[in-house]
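Inspection log for the structure reproduced underneath, given as structure tokens.
In what follows, chains carry the letters A, B, and so on, assigned in the order in which the sequence lines appear, proteins first and then strands, with residues in each chain numbered from 1.
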Number of protein chains: 2
Amino acid sequence: MEPVSTDDVTAFRRFNRYFTRRIGVLDDHYLGQDRPLGEARLLFEIAGSGSGVSLRDLRGRLGLDAGYLSRMVKTLQAQGMIRLSVHPQDSRLRTVEPTAAGRAEVEEQNRRAGALASGLLQGLTPDQRRELTEAMATAQRLLRLAGITVERVNGHAPDARACLDAYAADLDARFPEGFDKSDLVGAHEVSGDAGAFFVAYEEGRPVGCGALRRLEPGVGEIKHVWVHPEARRLGLARRLLDALEAEAAARGLTVVRLDTHAVLTEAQAMYEACGYTEIPAYTDHVYAAHWFEKRLGAPAADAPA
Amino acid sequence: MEPVSTDDVTAFRRFNRYFTRRIGVLDDHYLGQDRPLGEARLLFEIAGSGSGVSLRDLRGRLGLDAGYLSRMVKTLQAQGMIRLSVHPQDSRLRTVEPTAAGRAEVEEQNRRAGALASGLLQGLTPDQRRELTEAMATAQRLLRLAGITVERVNGHAPDARACLDAYAADLDARFPEGFDKSDLVGAHEVSGDAGAFFVAYEEGRPVGCGALRRLEPGVGEIKHVWVHPEARRLGLARRLLDALEAEAAARGLTVVRLDTHAVLTEAQAMYEACGYTEIPAYTDHVYAAHWFEKRLGAPAADAPA
DNA sequence: GTTTTTCTTTGACTAAAGTCAAAGAAATAT
DNA sequence: ATATTTCTTTGACTTTAGTCAAAGAAAAAC
């Protein structure tokens with residue numbers, strides 16, 4: 001929506017250039033050592049992904065040509081760094097896992113890279129290190145957030161159902177009384193005129209969702225706002241909420257409501273921070289302990305004057 | 001001195017990995033386009049350094065083999081991207097400069113990279129963009145600072161004299177009455193028993209200096225603390241001051257003094273922040289308007305309890 | 001006024017990185 | 001049951017990246 005200022009772009013690019021030149025290159029250089037970079041990266045990826053990855057996965061992750069990968073795998077195997085086996089489910093696939101020697105080499109690489117980083121940080125006082133760590137965490141958080149897209153999908157879509165399953169499992173673990181999957185909205189309730197379903201994607205993987213459903217004329221209900229554990233604390237829930245509210249406004253709804261469970265205190269705080277106010281119960285939903293409402297259309301309080 | 005915590009190293013490396021994977025790779029990939037990466041980088045470097053660089057400079061900056069560089073230059077020239085000429089002063093050297101076509105190509109690359117960055121930042125609100133820009137600026141500042149080393153050099157060393165020359169030119173421009181180079185300390189005053197001279201290096205280039213000189217028994221004087229304009233606001237002056245104070249303490253001095261000019265208000269603020277207190281004039285130096293002193297040996301006030 | 005050093009070019013390489021297509025084996029779709 | 005698709009391997013390449021040494025020309029050192 002808002003145009004990006006040239007200053008922001010310039011600052012971003014300047015950091016980009018500086019960082020890759022100063023740090024990125026160094027890391028890559030040390031990663032290699034006695035081994036072609038491609039092989040080193042491959043071994044690192046294999047050792048990094050627990051026990052057993054399929055060649056197909058590796059191909060996707062590293063974006064390699066099938067033939068090229070096959071050959072590199074062969075040389076790593078010949079050197080005793082990895083073990084190859086046929087995939088138990090699908091015998092077209094090969095599964096590859098690191099041997100003890102392979103793991104040891106990656107460990108050694110990590111040790112070296114750590115020493116390098118340590119040497120660099122040595123030049124800073126503990127306070128400055130803390131400042132650097134914080135700045136990097138902030139930058140990483142915002143870069144991740146910038147890369148996440150929120151898309152409207154059909155309620156029947158596999159990604160939508162996968163998110164809802166994860167959401168249900170999450171709640172089942174957090175609610176003292178558990179959570180029953182049958183309480184999820186049906187796919188038809190969030191499709192077409194009845195409602196909408198949004199999925200957040202990070203690098204192709206679904207990492208969050210949210211549903212909107214028509215409650216009564218002019219009033220919508222927001223349900224199942226969920227963020228993958230690994231994508232939390234990025235500000236993604238707000239993005240989902242924004243998307244749902246925009247959708248509601250586009251449908252001519254003037255009010256959105258929602259309910260939450262007593263244990264979800266962070267969620268309650270977020271709703272309040274986003275302009276929701278607590279209202280009396282509008283459902284007798286078993287899990288609901290708090291009910292919120294927000295009037296749409298009015299510009300947000302923090303809009304520029 | 002202080003050991004680096006594993007947490008800091010881990011956070012650093014995590015950011016490192018994330019950033020190079022997410023951003024660095026992208027940028028490199030787009031930089032290339034229809035041209036080998038090496039050539040693209042070379043053209044970028046040539047176009048970026050105003051009009052006319054010697055091959056020798058390029059070789060140093062990009063760390064390339066002479067033969068390899070020569071060949072790449074030849075192909076770029078054949079494509080009409082650059083122009084080669086003999087260096088006016090030294091006819092062993094070749095000077096290379098971009099043609100209009102070369103400049104246009106680099107412009108186009110920049111436009112593309114800018115569009116990429118812009119597209120990425122689009123996913124953030126203006127507030128978040130500002131936050132990201134600030135975090136990156138902080139990270140870059142600290143990374144630069146971490147890479148700068150402060151080394152003791154002989155007062156006669158070329159780097160020392162180069163810094164003092166730049167310092168004198170700097171003061172000459174800032175003092176209303178100008179500054180005369182003959183007021184610099186002599187090399188012998190900051191060598192051996194008489195004193196010490198420190199130079200700060202960033203990637204091999206001197207970017208700051210500071211001198212210590214014996215004033216009277218037990219008392220030292222700090223002089224000529226200077227930081228290159230492009231290395232300011234990093235906290236480097238404090239690092240230099242620390243080094244000078246440590247050297248003074250190691251020599252058994254208990255007090256260090258210094259004087260400053262009336263116009264150098266930031267310097268005065270820094271000295272105060274570093275534990276210096278204003279004292280009566282101890283010299284009748286023409287440029288001096290404020291005199292400071294610090295007692296050494298006592299732990300700093302901000303030391304952990 | 002030599003000798004030595006510096007700088008570039010050229011030839012002759014090597015290793016790494018990557019591409020493309022054919023082919024065989026296994027799973028899926030029809 | 002047959003056709004189609006998916007996945008890996010292999011052979012046969014090409015391009016990039018990079019190294020090393022020899023040689024010629026000019027500058028700097030002695």
Protein-nucleotide distance ([X], atom [atom1]; [N], atom [atom2]), rounded to Å:
| X | N | atom1 | atom2 | answer |
| --- | --- | --- | --- | --- |
| B/Leu64 | D/dG18 | CG | C1' | 10 Å |
| A/Tyr68 | D/dA12 | OH | P | 20 Å |
| A/Asp57 | D/dT6 | CG | P | 16 Å |
| B/Ile82 | C/dT8 | CD1 | P | 13 Å |
| B/Arg35 | D/dA17 | CZ | C1' | 16 Å |
| A/Leu58 | D/dT9 | CG | P | 12 Å |
| B/Leu69 | D/dT16 | CG | P | 17 Å |
| A/Arg56 | D/dT8 | CZ | C1' | 12 Å |

- request: Nearest-nucleotide wise, let me know which of A/Met72 and B/Val73 is further upstream toward the 5' end of DNA chain C.
  value: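 Upstream on the strand: B/Val73.
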task: Specify the residue among A/Asp65 and B/Leu93 whose closest nucleotide of DNA chain C lies further upstream toward the 5′ end.
output: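 The residue whose closest nucleotide sits nearer the 5' end is B/Leu93.
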List, with names and distances, any nitrogen or oxygen atoms from the protein found under 3.5 Å away from nitrogen or oxygen atoms belonging to nucleotides 22-26 of chain D.
residue	atom	partner	partner atom	Å
D/dA26	O3'	B/Ser91	OG	2.7

- prompt: Side chains of A/Gln79 and A/Arg35: is there a donor and an acceptor less than 3.5 Å apart?
  reply: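 There is such a pair (donor and acceptor under 3.5 Å, judged by atom type) between the side chains of A/Gln79 and A/Arg35.
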Within-4.5 Å side-chain heavy-atom neighbours: [X] and [Y]:
| X | Y | answer |
| --- | --- | --- |
| A/Phe12 | A/Asn16 | yes |
| B/Leu76 | B/Leu42 | yes |
| A/Arg61 | A/Arg56 | no |

message: Looking at B/Glu203, I'd like to know if its CD atom is crowded, meaning that more than 12 non-hydrogen atoms belonging to other residues, nucleotides or ligands lie closer than 6.0 Å.
response: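 Check passes, neighbour count above 12.
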- prompt: More 5' along DNA chain D: B/Glu39 or A/Ser70, using each one's nearest nucleotide?
  reply: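 Between the two, 5'-proximity favours A/Ser70.
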Look at the side-chain N and O atoms of [X] and state whether any lies under 4.0 Å from the OP1 or OP2 oxygen of [N].
| X | N | answer |
| --- | --- | --- |
| B/Arg94 | C/dT8 | no |
| A/Lys74 | D/dT10 | yes |
| B/Arg71 | D/dG18 | no |

message: If you only use heavy atoms from C-beta on, which nucleotide in D/dT8, C/dT8, D/dA17 is closest to the side chain of A/Arg59?
response: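 Ranking D/dT8, C/dT8, D/dA17 by closest atom to the A/Arg59 side chain puts D/dT8 first.
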query: Which of these nucleotides, D/dT16, C/dC7, D/dT9, is closest to any side-chain atom of B/Pro36?
result: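 Ranking D/dT16, C/dC7, D/dT9 by closest atom to the B/Pro36 side chain puts D/dT16 first.
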message: Please identify which of these residues, B/Val227, B/Ile148, B/Val199, meets the side-chain contact (heavy atoms from CB on, under 4.5 Å) condition with B/Leu240.
response: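 Of the listed residues B/Val227, B/Ile148, B/Val199, the side-chain contact (heavy atoms from CB on, under 4.5 Å) partner of B/Leu240 is B/Val227.
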Polar side-chain atom of A/Thr99 near backbone of A/Met81 as donor-acceptor pair, under 3.5 Å: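 Checking the backbone N and O of A/Met81 against the side chain of A/Thr99, a donor-acceptor pair under 3.5 Å is found.
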